[in-house]
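Proteins come first, then strands; the chains are lettered A, B, ... in the order of their sequence lines, and each starts at number 1.
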Amino acid sequence: SQTIHQWPATLVQPVGSPLSLECTVEGTSNPNLYWYRQAAGRGLQLLFYSVGIGQISSEVPQNLSASRPQDRQFILSSKKLLLSDSGFYLCAWSLDGRSNTIYFGEGSWLTVV
Amino acid sequence: AQSVAQPEDQVNVAEGNPLTVKCTYSVSGNPYLFWYVQYPNRGLQFLLKYITGDNLVKGSYGFEAEFNKSQTSFHLKKPSALVSDSALYFCAVKTNYKLSFGAGTTVTVRA
C-alpha cells in the first residue's frame with residue numbers, strides 16, 4: 001500500500017531564515033504531488049503541484065518555491081521566511097487522472113517568529 | 001471556475017442523531033466531488049467521492065453522501081452521529097489535477 005511521509009512535523013523559525021519541508025511517497029511511481037497550506041485552521045490553499053520530476057506548477061505568487069528532485073520526493077523551500085508564512089503545510093499525492101483521490105500527509109506546523 | 005461552498009461554519013448535533021453537512025457546487029461539465037475530514041492538528045482523511053453512477057455514495061466510518069444534480073448539492077450524511085465524529089469537514093471539487101476546497105464545517109457531537 002501507498003504511504004506518504006512529511007517532515008518535520010513542527011518547526012519554529014525566525015523571520016529571514018530559510019525553510020525546507022520534505023515529503024516522500026512510498027508504494028507507487030510517478031505520482032502527482034501537491035503542497036497545500038492551511039491558515040487559521042480552516043481554508044486550504046494549493047501552493048504547488050507536480051506531475052513529474054522537475055515539473056512544478058505554482059498556483060500563487062509567494063515567498064515559497066518547490067522542487068521535485070526525485071520521482072517520489074517533493075520539497076517546499078524558502079530562502080527568507082516571512083511572518084505570513086506561518087501555517088500548517090500539507091503534502092499530498094495522487095495517481096494521475098481526474099477521478100483519482102488525493103491523499104494527504106500528516107502536515108507540518110510552521111511558526112515564524 | 002469550479003468551486004464548492006459549505007454554507008454552515010458549524011453544525012451541532014446530539015450523539016445518536018442524524019448528521020448532515022451541506023455542500024453545494026458550481027462546476028461546468030461533470031463534477032468530481034470529494035469529502036474529507038480533519039481532526040485537530042492532523043492531515044486530511046479521505047471519506048468518499050462522487051465520480052459517476054449512483055447518486056448515493058457510501059464511504060468510510062459510516063458516512064454517505066447524496067449527489068443531487070438538480071440542486072447542485074453533495075451533502076454528507078451519517079444516520080447516527082458519534083462523539084468521535086467531532087471534527088472539521090471539507091467538501092472539495094477536483095478539476096484536472098487539483099482539488100479546490102470549501103471553507104470547512106466544524107461538527108460538534110455532544111454526548
Side-chain angles (χ1 to χ4, degrees), chain A residues 1-11 21 23 25 30-52 55-60 68 74 87-111, chain B residues 1-11 21 23 25 27-53 57 59-60 63 65 67 86-108:
Chain A
S1 64
Q2 301 88 358
T3 56
I4 179 169
H5 306 280
Q6 63 175 108
W7 68 94
T10 305
L11 196 59
L21 299 178
C23 173
V25 179
N30 198 31
N32 293 339
L33 296 172
Y34 307 84
W35 279 110
Y36 279 83
R37 178 168 60 197
Q38 185 175 28
R42 288 300 278 253
L44 287 147
Q45 180 185 40
L46 178 63
L47 302 176
F48 301 95
Y49 70 93
S50 171
V51 299
Q55 301 178 61
I56 309 295
S57 296
S58 174
E59 287 294 297
V60 291
R68 184 171 178 172
F74 206 24
F88 192 47
Y89 289 83
L90 290 155
C91 183
W93 76 274
S94 74
L95 295 174
D96 196 27
R98 188 180 169 202
S99 64
N100 286 310
T101 300
I102 295 179
Y103 296 97
F104 287 80
E106 285 299 310
S108 297
W109 274 108
L110 171 65
T111 303
Chain B
Q2 323 267 29
S3 64
V4 292
Q6 294 179 243
E8 300 164 317
D9 284 343
Q10 285 205 322
V11 170
V21 187
C23 173
Y25 65 88
V27 173
S28 56
N30 295 324
Y32 286 37
L33 299 164
F34 295 75
W35 276 102
Y36 289 82
V37 60
Q38 185 180 31
Y39 296 99
N41 300 316
R42 302 292 297 277
L44 274 67
Q45 294 181 31
F46 167 70
L47 286 177
L48 50 80
K49 65 182 176 183
Y50 173 81
I51 304 300
T52 187
V57 179
S60 306
F63 284 93
F67 173 72
S86 298
L88 181 57
Y89 290 80
F90 289 99
C91 181
V93 59
K94 195 175 182 195
T95 56
N96 295 327
Y97 305 108
K98 303 175 289 184
L99 270 176
S100 297
F101 288 89
T105 299
T106 299
V107 171
T108 302

Legend entry - Under 4.5 Å from a heavy atom of chain A, the part of B:Ile51 involved: side chain

Inset, instruction - Taking all heavy atoms of A:Arg98 and all of B:Phe34, pick out the closest pair and write down the distance. - result: O-CZ, 4.5 Å

Legend entry - Heavy-atom proximity to chain A below 4.5 Å, by part of B:Asn30: backbone

Legend entry - Interchain contact, A:Leu90 with chain B, by part (heavy-atom threshold 4.5 Å): side chain

Inset, instruction - For B:Lys98 and A:Tyr49, work out which heavy atoms get closest and say how close. - result: CD-CE2, 3.6 Å

Legend entry - Interatomic distance, A:Phe104 atom CZ to B:Arg42 atom CZ [nearest 0.5 angstrom]: 14.5 Å

Inset, instruction - Start with the C-alpha gap between B:Leu99 and A:Leu44, add the side-chain angles, then the distance that decides, and say whether side-chain contact (heavy atoms from CB on, under 4.5 Å) holds. - result: CA-CA 10 Å; B:Leu99 270 176; A:Leu44 287 147; over 6 Å; no

Legend entry - Contact origin within A:Ser57 toward chain B - heavy atom pairs under 4.5 Å: neither

Legend entry - Check against side-chain contact (heavy atoms from CB on, under 4.5 Å), A:Asn100 and B:Lys94: CA-CA 9 Å; A:Asn100 286 310; B:Lys94 195 175 182 195; 4.2 Å; yes

Legend entry - Test log, rule side-chain contact (heavy atoms from CB on, under 4.5 Å), inputs B:Phe101 and A:Gln38: CA-CA 11 Å; B:Phe101 288 89; A:Gln38 185 175 28; over 6 Å; no

